[in-house]
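Everything on this sheet refers to the single structure shown next.
Note: hydrogens, waters and symmetry copies are ignored here, and every other heavy atom, side chains too, is used. None of these values were measured; they are calculated from a predicted model. Here is how names work: the chains are called A, B, and so on, in the same order as the sequence lines, proteins then strands, and each is numbered from 1.
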Amino acid sequence: MKRRTFLMSGAALAVTAPAASLVAAEPPAAAGVKSKVVAVRDGEPEALFRKGIAELGGIAAFVRPGQKVVVKPNIGWDRAPEYGANTNPLLVAEFVRQCIAAGASQVEVFDHTCNNWERCYRNSGIAEAVTQAGGKMVEAHDRESYREVSRPAAGSMKTALIHRAILDADVFINVPILKHHGGAKVTAALKNFMGLVWDRQYMHAHNLDQCIADAALYRKPDLNVIDAYRIMPTNGPRGVTLNDVRTVKYQILSTDIVAADVLACKLLRTKPADVRYVALAAKHGLGTDDESRMDVVRLEA
Amino acid sequence: MARSRFWRGLRTIRVCLAALSVIAMTLAFGHGADCLALLAKANFGPALLAVAARFSIVGAIAVIAILVLTSLLGRAYCSVVCPLGILQDVFGALLFWRKNRPQPRLFLLRKGLGVAVWAIALLGGWAIALRFFDPYTIFGSIAAGGWLPLLVIAALTFWRRRLFCNSLCPVGALLACGSSMAPLGFRFTERCIKCGKCVQVCPAGCLDPKTATFDNGRCIRCLACAATCPVDAIAYGHNPGFRVPGRREALIGGSLVAGGVAVGLASRTVRLVPGPNAVCPPGAGSAQRFFAKCTDCRLCITNCPTGVLKPPGAAGMVHLEPDTAKCQFDCKRCVEVCPTGALLPLTLAEKQRTRLGLAVIDTQRCRAFNKDLCEACAPACPAHALHMVRREDNSIVPVVDAERCIGCGACRSVCPMEPKAIAVVPPKDGKQTLVPPLPTPHYDVICPPGAGSPQRLRSLCTDCNLCVAKCIGQVLQPAGEVGIVHLTFDKGMCEYYCTTCGEVCPTGAISPLDLAIKQRTRLGLAVIEPSICVAFSTENACGACAEHCPTGALRMKPDAEGHLVPMLTTELCIGCGSCEYPCPVRPIKAIRIHPLADGVQVLATDPHEYFKPTEPTPEPASDEWLI
């Protein structure tokens with residue numbers, strides 16, 4: 001990151017900080033400190049996660065006893081797990097188990113789905129996996145579950161209805177799946193924020209890339225885990241046939257949402273510079289899109 | 001001279017005709033051939049009532065023919081056509097062992113009774129008296145299985161043979177006037193030896209050889225006397241009663257007519273109210289009218305194919321009791337057979353719109369209202385008046401559209417509860433009215449997968465709305481003004497993995513499809529309007545439509561300037577609305593599903609074929625890190 005860019009992002013942060021206290025609570029990428037990104041490969045989703053979280057200091061570094069945890073996977077589509085349209089249920093369940101083992105008072109899981117929510121929850125396998133692991137599936141199809149929040153620093157979406165589970169939780173963990181996206185080119189950690197927002201159509205209509213970057217302002221995730229066990233390089237984000245799915249068995253973990261997405265773009269063979277919302281999110285000070293400022297740890301599970 | 005062969009032969013013919021007549025009429029009351037029921041219209045009583053009730057042409061012809069024939073041949077009607085008269089002859093034949101068969105006496109008030117009955121029926125509009133005195137009606141109630149009238153008639157016959165015909169029967173009284181004053185009639189000739197054999201065989205008690213008098217008014221032309229006479233002393237010729245009535249006769253006749261008019265007019269003012277819970281058959285007009293006009297001959301009851309019509313009982317008139325049976329939607333048999341005009345003629349289209357009553361659901365007992373799964377009634381409704389509706393607590397319950405309900409009881413007949421949870425109540429004022437016709441269907445609509453075409457859907461669908469209530473994507477809409485259950489994409493999209501509508505459809509209007517077929521069934525075609533599309537008009541690659549498209553028909557592709565815009569591969573599009581629903585452009589969406597040009601649902605290209613990889617295989621995984 002050039003000095004000027006850094007100063008600019010610092011200035012943006014200074015503007016954002018008073019309004020977005022949650023974002024400002026833990027300023028990312030302080031001078032001289034690199035964003036740590038852990039990439040793990042060659043293993044089942046649970047094994048990948050155990051290896052990766054150990055590198056980040058274990059789940060205890062993120063979840064303290066008695067805290068309320070919300071896990072936000074991608075459950076957007078009424079599709080079976082092997083189509084790679086939703087986050088792997090094994091990973092979500094492992095997460096819930098570890099959070100509960102770490103003493104979390106409750107673990108809530110939800111997504112504002114694109115298809116019928118009951119079918120998505122059921123057919124993605126996530127509802128069953130989470131319930132068995134001791135977590136709680138939260139409904140998100142009802143406007144009553146959302147509260148209005150404003151972020152004046154946002155470029156386009158200055159107010160939004162955000163799901164109350166996100167606003168009320170002590171710990172927010174973002175667990176997206178890596179897919180191609182027709183409009184935004186890549187969907188990973190930042191794009192997963194569309195599932196917190198009630199009015200997705202507003203985001204589509206009012207500069208989608210800017211709105212994706214803006215959405216991340218509403219609540220900083222404590223940890224991002226990008227499920228890249230199965231990825232969808234074509235026909236995303238829904239996928240048409242199993243030909244759209246590649247099983248590469250990767251996982252990317254980071255507290256820096258922008259850095260995690262930059263690596264995710266590379267995994268999908270897309271230039272991060274082509275994905276406009278990554279740069280816009282970096283501009284908001286949500287993380288770094290400069291690979292030289294990342295500390296990438298590569299591990300085999 | 002021996003017994004006349006001529007009269008014996010004629011009598012045999014008379015008996016054969018009478019036998020045919022009574023058999024045909026009995027069959028008419030027992031689901032015989034359809035045309036037999038029309039014979040009932042040839043009976044004098046019902047025919048005269050039908051003329052009075054609705055100026056029936058058939059009735060008028062029958063009345064005039066019977067009157068003309070009576071003036072020529074006497075009361076042959078009573079021995080050849082009238083089923084009750086023939087039945088009495090049958091009973092009379094059972095008395096063959098008695099040498100001195102009983103003779104009927106003349107009931108002095110018979111003329112007054114006849115005049116009163118007809119005056120009340122024709123002037124007063126009350127056919128109630130004919131329920132008890134009309135011979136055809138009495139025969140009907142016997143043929144329909146009534147034991148009491150059978151026993152009464154049998155007892156009367158055994159006691160005094162054709163006493164009923166000469167003393168009580170209003171038809172007999174009327175025809176007797178014509179017969180007694182007709183120019184032709186029977187009389188005794190000088191050959192009579194006063195042996196008295198004719199008196200023994202005469203069932204009507206109309207002759208007296210001692211005084212050589214022959215009452216042609218009472219004679220029913222059974223021909224027994226002439227056929228029995230050993231000396232052929234009974235001749236047919238000039239009727240001694242054919243003359244100008246004397247002063248006394250004219251006075252009696254005049255006062256009878258005047259009294260009849262007075263009684264008839266007085267009965268007009270009577271207001272009898274029928275039973276409160278009677279649902280009348282179609283064509284009744286109103287409960288009051290039907291109560292007054294129906295003689296309860298039960299021809300409709302025995303001809304009703306479903307058995308929903310029941311005898312009066314406590315209700316006081318013939319009525320519908322849809323417990324296990326219903327009033328068949330495409331049937332108007334009761335209207336067709338009714339000989340008295342109590343049921344007014346209706347076309348089938350009118351009958352299908354005639355409101356007999358209103359279905360009322362007892363929500364305390366209905367299973368659907370008590371969290372139980374039951375959807376029996378709504379698909380049974382032929383009038384498109386019973387819909388399944390999803391309530392706020394997600395239970396799906398039947399709701400009656402009072403505007404459309406015709407009260408046929410189809411819903412009640414299939415209700416599995418005991419006692420039934422749906423009642424059919426008569427219209428509030430008892431009047432039968434027409435429900436509005438079904439709206440003319442708009443055939444340019446998007447139909448649910450498996451409907452085939454809007455025309456097919458319309459012809460099979462009963463608007464039970466079960467599919468609408470259970471639609472996962474909330475896209476199915478009730479017929480409403482459009483006239484056909486159809487899809488709109490305001491609240492959702494036709495879910496790609498869902499086949500619910502075909503599975504729940506009870507009528508087969510929406511065929512159940514295999515998921516793989518359903519996912520390729522084209523309901524409509526997406527059409528993009530670039531002038532309002534966000535992606536076409538700005539640099540924002542909105543992508544909402546392409547993101548949702550399940551078949552890959554819509555993809556975001558770079559245009560000439562390199563901006564990502566939605567592009568449609570028509571052969572893949574199934575018109576599921578996954579693009580229209582999420583489109584953020586308002587108020588009119590930039591991408592909309594248009595109905596198919598010919599409405600016929602066809603299979604779109606299989607995406608598995610379309611997206612079949614053309615390159616050999618993806619490169620093998622290398623050990624090098626991809627990131």
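- With chain B as the partner, the residue from A:D78, A:L267, A:L263 showing the most heavy-atom pairs under 4.5 Å is A:D78.
- Within a 6.0 Å sphere centred on CD of A:E128, other residues, nucleotides and ligands contribute 12 heavy atoms or fewer.
- B:M493 and A:N115 make their closest contact through SD-ND2, 3.6 Å (heavy atoms, listed as atom of the first residue, atom of the second, distance).
- Side chains of A:K185 and B:L564 form a contact here, defined as non-hydrogen atoms less than 4.5 Å apart.
- Closest non-hydrogen pair, B:W625 versus A:R41, comes out as CH2-CG, 3.5 Å.
- B:F611 CZ to A:N235 CG: the interatomic distance, rounded to the nearest 0.5 Å, is 4.5 Å.
- Counting only distance, with no hydrogens or angles, the side chain of A:D209 and the backbone of B:N540 share no donor-acceptor pair below 3.5 Å.
- Interface summary for chain A: among B:A546, B:S578, B:A535, B:C498, the most heavy-atom pairs under 4.5 angstrom belong to B:C498.
- B:T538 does not touch chain A: none of its heavy atoms, backbone or side chain, sits under 4.5 Å away.
- Contacts between B:C545 and chain A at a heavy-atom distance below 4.5 Å are absent for every atom of the residue.
- The parts of B:Y496 that come within reach of chain A are both its backbone and its side chain, each placing non-hydrogen atoms under 4.5 angstrom from that chain.
- Interface summary for chain A: among B:M556, B:K557, B:K612, B:E539, the most heavy-atom pairs under 4.5 angstrom belong to B:M556.
- With a 4.5 Å cut-off on side-chain heavy atoms, B:H548 and A:C114 count as touching.
- The main-chain N or O of B:L626 is found under 3.5 Å from a side-chain atom of A:Y250 such that the two form a donor-acceptor pair.
- In this structure, chain B has a heavy atom under 4.5 Å from the side chain of A:R119, while its backbone stays farther away.
- Taking every heavy atom of both residues into account, B:C549 and A:R238 meet most closely at O-CD, 3.9 Å.
- For B:K491, the NZ atom sits in a loose shell: 12 or fewer heavy atoms of surrounding residues, nucleotides or ligands are nearer than 6.0 Å.
- The candidate with the highest count of non-hydrogen atom pairs below 4.5 Å against chain A, out of B:P550, B:P566, B:P607, B:P582, is B:P550.
- For CZ of A:R143, the number of neighbouring non-hydrogen atoms (other residues, nucleotides, ligands) closer than 6.0 Å is 12 at most.
- Highest contact tally toward chain B, considering only A:N123, A:T241, A:I252, A:L242, is held by A:T241 [criterion: heavy-atom pairs under 4.5 Å].
- In this structure, B:P584 and A:H204 approach most closely via the heavy-atom pair CG-CB, 3.9 Å.
- Closest of all the heavy-atom pairs between B:A541 and A:R276 is N-NH2, 4.4 Å.
- The number of heavy atoms from other shown groups lying within 6.0 Å of NZ (B:K589) is above 12.
- Closest approach of A:L208 and B:C542 over heavy atoms only: CD2-O, 3.2 Å.
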Test A:K191 against B:E547 for salt bridge (charged side-chain N to carboxylate O under 4.0 Å, His left out), laying out the working first.
-> CA-CA 13 Å; A:K191 176 78 173 55; B:E547 159 179 307; 3.8 Å; yes
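- A donor-acceptor distance shorter than 3.5 angstrom exists from the side chain of A:Q201 to the backbone of B:Y581, with no hydrogens or angles considered.
- Proximity to chain A is limited to the side chain of B:E495, based on heavy atoms less than 4.5 angstrom apart.
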